[in-house]
Amino acid sequence: MSSASSNASHSATAHPAAHSAAHSATHSAAHSADPAVDRAAEPADDRGNTIVPRATARLQLHAGFTFADAERQVDYLASLGVSHLYLSPIFTAKPGSTHGYDVTDFQQINPELGGEAGFQALAGRARAAGLGVIIDIVPNHMAASSTHNRWWADVLARGAESPYAGHFDIDWHSPDPELHGKVLLPILGRPYWETLQAGEIAVRSDGQRHWLQYGEHEVPLSEESMASFDAGRDGARFDTATPEGLERLHALLEQQNYRLAWWRTAADELNWRRFFEVSELVAVRVEQPPVFDDVHALVLRLARDGLIDGVRVDHVDGLADPGGYCQQLRAQLNAAMAARNARPWIVIEKILAESETLRTEWQIDGTTGYDFMDEVGAVLHDGAGETALTTLWQQVSGDSQAYGEQVRQARRHLLSRFLVTEFEGACRRLHACARAEPATRDLTLASWRRALAALLEPLEVYRTYLGEHAWSREDRLRLETAAELARRAVRPDDTATVDRLLAWLCAGPHASGALREARARVQQLMPPLAAKAAEDTMFYRYGRLLSRNEVGSHPATLAMPPDRFHARMAVRAQVWPHAMLATATHDHKRGEDMRMRLAVLSELAPEWQAAVGEWEARAQRLAGSGERAVPDGADRLMLYQTLVGVWPPELPADRDAGDPAVHALLERVGAWQTKAVREAKRYGHWTRPDEAYEQAYAGLLQAMAQNDLLGSVARFAQRIAPAGALNSLAQTLLQLTAPGVPDRYQGTEGWDFSLVDPDNRRPVDYDALRAALACTAGWQSWLEQWRDGRIKVQLVRALLAARQEQPALFRDGGYRHLHGEGPAASHLLAFERRRGDERVIAITTRLAARLVQDRPAVAPAAWGDTLLCVGEPGASRWTDALTGRTLSAPNGRLRVADVLDPLPVALLRRTG
């Protein structure tokens, strides 16, 4: 799930999504001995006519990159080898939106992007080039804009009588008498009365309608309140320069279907559900059939017209009934595409815990790939470095507390400070249910608050799915575990409330309407709490190794053993063969190649410790004296990692701060520093920044640049850069050959050393990528000149070409782990994909930092007599799809020194 930063919109972090494994029965098969699954031998199922992309290219659309701009890149993307364009939301959004998740009209294609004509032109150009289109849909929320969202504006004008009143998740019966039958509208930049006194609100009329003008906001006035208003005659009545006019304006506002309020009141008093803690986004009740129809009318029409082949569903966990929604969406899209004899591809943005499984009964094709991003990253980290890295973190940060306990503390803090309205709303509904039964009427509201907080704090999943359309033993077991921990945490008098809470959450589909509503509220509170505590708080507080602080990943788990990785891929081939495979997204915290460079630190932990020790001594001298002159150890260590990870491979380490490239880099890192401090919430936050601390942190970066400490960090970055680039090539091979549908996020076929948004959404230099793709110099030249990124572009092209040549194999082929033998076998990762007589073997180098010199490759001599078992005893011949070389495997074994020369990766096809 994509989480959102406190300061802005949906786009702030992330967006999440998943740990795909299998149903419980098949999940256990993942741990069996090397299963090879050939789906071609299985009975046909209803997935047989599914449109499954060969590979997608995610494009971020906005006014600066429209449908026409995307159309100009279609030929390049087709040449790269993808099969589908994967577009960010195309619905009309707030003017100037850079991400499209702040939808204002679900039934119109965004005019800023080119409107329907522009979209049809893009889709037509894509079809002509052999490409399809996937779109990102947003069923959970809209922009709470009275100026641009006509549904929301109608609700504000007509209140509960509006035909759209049921479209939004509004509590019209708020316990606050001031909000009974009204909507809290927290848009004011200062307290209400101060705003009125300052004359910042004016009454406007065009003769047909009447509204309040507050800055950019046009807030409608109800017809009843303005029945006798004449703009020409009565406008002066609301002149706030006079006490009478001020009182009249206040009286007019009191008659509205909303209560204007200071923006700071939102966290405590909001009476409508929002997206996470973003009060500019209002939740939509898509579980209601009329609302579902209105939200999806355009999507279904595009599907019927053959303009799209599938959808990516944003933030499915925010819905009242995610499983029921997915099933309904599947049925509706299937029907819309029935005339095409095609089953649309549906993936959901979903983050799963390490041991959680995705529900097969939801009738989707999988997640958007955060689970794979975690798995492929973890297998390229070295678990042997964990102790040294943990020790370093504890020494520099002064923090020895376990990560899990810190997450629980962050959850507690969020419930009490940032998610108050959502938490209180759930507690009030539970308390109302308790009051309705004699057996529970003595369970107080305060007790419900303590019990619910204690249950939510240790819950390890983003949410449970208990309701009318979903029931699972897995959910019940997770809640029982959390309840047991909650009983220990609360005072004895509250254990009865914990017991009742557990019983009600697990009450089954026949619970009362009030209880079902309360259960939905509790479960809808879980995702923002989980995401805000982890992705938007702890990922900025805990910095043992930042490459593991990624959406969908688990910072406490440094590495994944190859056997576990292979087991997960085998299950993926069996159960989720068409799920998305991501390595970069619009919500990632760090670019895919930045993470792969930082992964090298897990292999070189002692060298990293020594380097940090030197930098720390110098940083202390730079700081001088004075209270809080230096940011704390946690932030310093995260800054060192950020600089090591982000330093461009082509930028020499000896450049000073006056160099334009260094200056631009420091600006990007400075923006990251500000966001990191505010997200961490240790020294201020978005709504109350600690400017002194932020200036000290920025001052350290500038001092480093002026005193060659930055140069020392850059030299370390350049020293490990070849090993990081090797990891990147390994990650690319794994993503493009593992079971699933690989997605290439815009521009990441070249090196991606981006930081968190908005840095990861900078304009893409397509001219440079086109030139790299057109280059014919060959692998040896690309390897020697690896810093310019051509080698990665060419690897992506070659692997996508292999997928295009054998689409059925990569779409539905089985998966089998292959073993290495010999002195360097631990540096090898290999597997087979098989479908019938078709076979390919993917081979990559891993954990080779001590074997790499000045380029991302391992010298043949370093492999010695290491062999790869190809999975059959007899002799065989293989051709590398990348280099074209033919290799022999006498006695069923390939010599690795021959296979991985000159490249650190290979994709072998069986020949003869």
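Residue numbers count from 1 along this sequence.
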* Using the six-membered ring wherever Trp is involved, compare the ring planes of Tyr164 and Trp151 and label them parallel, tilted or perpendicular (cut-offs 30° and 60°). => parallel

* Proximity of Tyr258 and Trp272 rings by center, below 6.0 Å -> no

* Step-by-step salt bridge (charged side-chain N to carboxylate O under 4.0 Å, His left out) determination, Arg521 to Asp169 -> CA-CA 11 Å; Arg521 290 289 178 167; Asp169 207 342; 2.6 Å; yes

* Asked: Taking the six-membered ring for Trp, are His173 and His180 ring centroids under 6.0 Å apart?
  -> yes

* **Distance-minimising heavy-atom pair for Ala93 and Ser97** => CB-CB, 4.0 Å

* Asked: Do Thr240 and Gln197 have side chains that get closer than 4.5 Å, going by heavy atoms?
  -> no

* Asked: Should Asp314 and Arg312 count as an ion pair when the cut-off is N to O under 4.0 Å?
  -> yes

* Begin from the C-alpha positions of Glu437 and Arg441 and carry the test salt bridge (charged side-chain N to carboxylate O under 4.0 Å, His left out) through to its verdict. => CA-CA 6 Å; Glu437 296 183 17; Arg441 64 188 299 175; over 6 Å; no

* Hey, mind stepping through His217 and Ser146 against side chain to side chain donor-acceptor pair (under 3.5 Å) and telling me if it holds? -> CA-CA 7 Å; His217 299 280; Ser146 58; 4.6 Å; no

* Any side-chain heavy-atom pair of Glu178 and Arg259 under 4.5 Å -> yes

* To do: Could you label the plane-to-plane angle of the His413 and Phe418 rings as parallel, tilted or perpendicular, counting under 30° as parallel and over 60° as perpendicular?
  => perpendicular

* Compute the ring centroids of His315 and Phe276, then answer whether they are less than 6.0 Å apart. => yes

* With salt bridge (charged side-chain N to carboxylate O under 4.0 Å, His left out) as the test, would you mind laying out the steps for Arg463 and Glu356 before giving the verdict? => CA-CA 11 Å; Arg463 70 163 283 169; Glu356 189 180 4; over 6 Å; no

* Asked: Do Gln328 and Phe292 come within less than 4.5 Å of each other through their side chains, counting heavy atoms only?
  -> yes

* **Least distance between heavy atoms, Pro220 atom then Leu156 atom** => CG-CB, 4.0 Å

* Asked: If you draw the axis of the six-membered ring of Trp448, does the NZ or CZ of Arg450 fall within 45° of it and under 6.0 Å from the ring centre?
  -> no

* Between Phe168 and Trp152, is the gap from one ring center to the other below 6.0 Å? -> yes

